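Just so you know, these numbers come straight off a predicted model, no measurement behind them.
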Amino acid sequence: MSITSVKKYCVKGYRRISHRKGYGVHSPFVYTLITRVIEEDAAYYAYDKIEEKREAVKTALTGKQRHTLMPLKTAKLLFRIINKFKPRSILECGTSYGISTTAIILAAPEAQIKTVEADDRRRTYLPQHANIEIHGSGYIEEISASYQNTNPPEFIYIREQDRAEEYEKIFTSIEHCISDNTIIMGEGMHKTEEIYRLFNKMAKHEKIKVFMDMYDTALFIASPKLNKERYKESF
């Protein structure tokens with residue numbers, strides 16, 4: 001086991017002890033989010049379909065591609081968060097071979113969904129849906145063009161990227177889309193120190209009020225009604 005893996009295991013172990021069940025959280029909004037969404041353990045109707053999609057993709061992929069699949073618990077978390085906030089428009093910055101997209105569609109079937117994915121292989125596994133637009137160009141060009149004269153997305157999902165440069169492009173392209181009710185869920189925050197710094201930089205955006213560091217997953221919430229706070233949570 002590598003030093004990085006040992007560190008990750010230790011940090012997650014500590015968080016399972018010290019950052020659970022909303023202990024020490026004074027914000028009613030954040031406490032409810034932790035206890036009734038992030039740590040929710042009830043079975044939802046959509047879980048079977050999410051599991052089926054992931055298993056089908058896993059069977060179709062070979063080699064290292066399988067190791068890049070979105071973890072099942074993260075796909076379920078994505079579903080719960082969208083199901084909670086019910087956004088009317090969603091931007092997906094990269095798809096985990098259609099697994100994340102499936103969770104999004106199941107949580108908000110009536111929402112307008114835009115998926116931007118430059119990788120031809122990943123786009124192949126995207127599910128068909130009446131309200132989804134699929135784009136294969138770069139993030140900055142596509143996002144800037146798509147939301148120039150329309151309302152910005154209420155929810156933005158960012159799949160785990162390979163390099164810090166890719167996160168930087170995404171964060172740069174979505175900054176102008178952040179409104180008073182934007183929620184962003186990003187994967188891979190602690191992948192490298194450089195990526196970690198980029199996530200923290202985005203957390204300092206003037207409209208982002210609540211930032212939740214769940215280690216592998218991060219949540220940014222914009223709302224003029226909330227105080228500027230940062231939380232660590234076990235997930």
Can you name the residues that form a side-chain hydrogen bond (donor to acceptor under 3.5 Å, both in side chains) with Lys207, not counting sequence neighbours?
-> Asp180
Can you sort out the partners of Tyr167 under ring-ring contact (aromatic ring centres under 6.0 Å, His included), two or more places apart, ordered by chain and number?
-> Phe199
Quick one: list whatever passes side chain to side chain contact (heavy atoms under 4.5 Å, CB included) with Arg230, sequence neighbours left out.
-> Met189, Tyr196, Asn200, Phe211, Asp213
With sequence neighbours excluded, residues passing side-chain hydrogen bond (donor to acceptor under 3.5 Å, both in side chains) with Asp119 = Arg121
For Asp162, salt bridge (charged side-chain N to carboxylate O under 4.0 Å, His left out) partners two or more places apart = none
Do Thr101 and Thr95 meet the criterion of a side-chain donor-acceptor pair at a distance under 3.5 Å?
-> yes
For residues 78-95, the salt bridge (charged side-chain N to carboxylate O under 4.0 Å, His left out) pairs (sequence neighbours left out) are Arg88-Glu154
So, do Tyr231 and Leu33 sit near enough that their side-chain heavy atoms are less than 4.5 Å apart?
-> no
With Lys76, which residues qualify under salt bridge (charged side-chain N to carboxylate O under 4.0 Å, His left out), at least two apart?
-> Glu51
Among pairs that include at least one residue of residues 71-94, which meet ring-ring contact (aromatic ring centres under 6.0 Å, His included), considering only residues two or more places apart or in two chains?
-> Tyr44-Phe79, Tyr45-Phe79
Looking at residues at least two apart in the chain, or sitting in another chain, which of them share a side-chain hydrogen bond (donor to acceptor under 3.5 Å, both in side chains) with Arg197?
-> none
Considering residues at least two apart in sequence or located in another chain, which fulfil the side chain to side chain contact (heavy atoms under 4.5 Å, CB included) criterion with Thr172?
-> Glu168
Counting only heavy atoms not in Lys201, do more than 12 fall under 6.0 Å of its NZ?
-> no
Provide the full list of side-chain hydrogen bond (donor to acceptor under 3.5 Å, both in side chains) pairs with a residue in residues 123-134, sequence neighbours left out, each pair given once.
-> Lys114-Glu133, Asp120-Arg123, Glu133-His135
Can you sort out the partners of Asn227 under side-chain hydrogen bond (donor to acceptor under 3.5 Å, both in side chains), two or more places apart, ordered by chain and number?
-> none
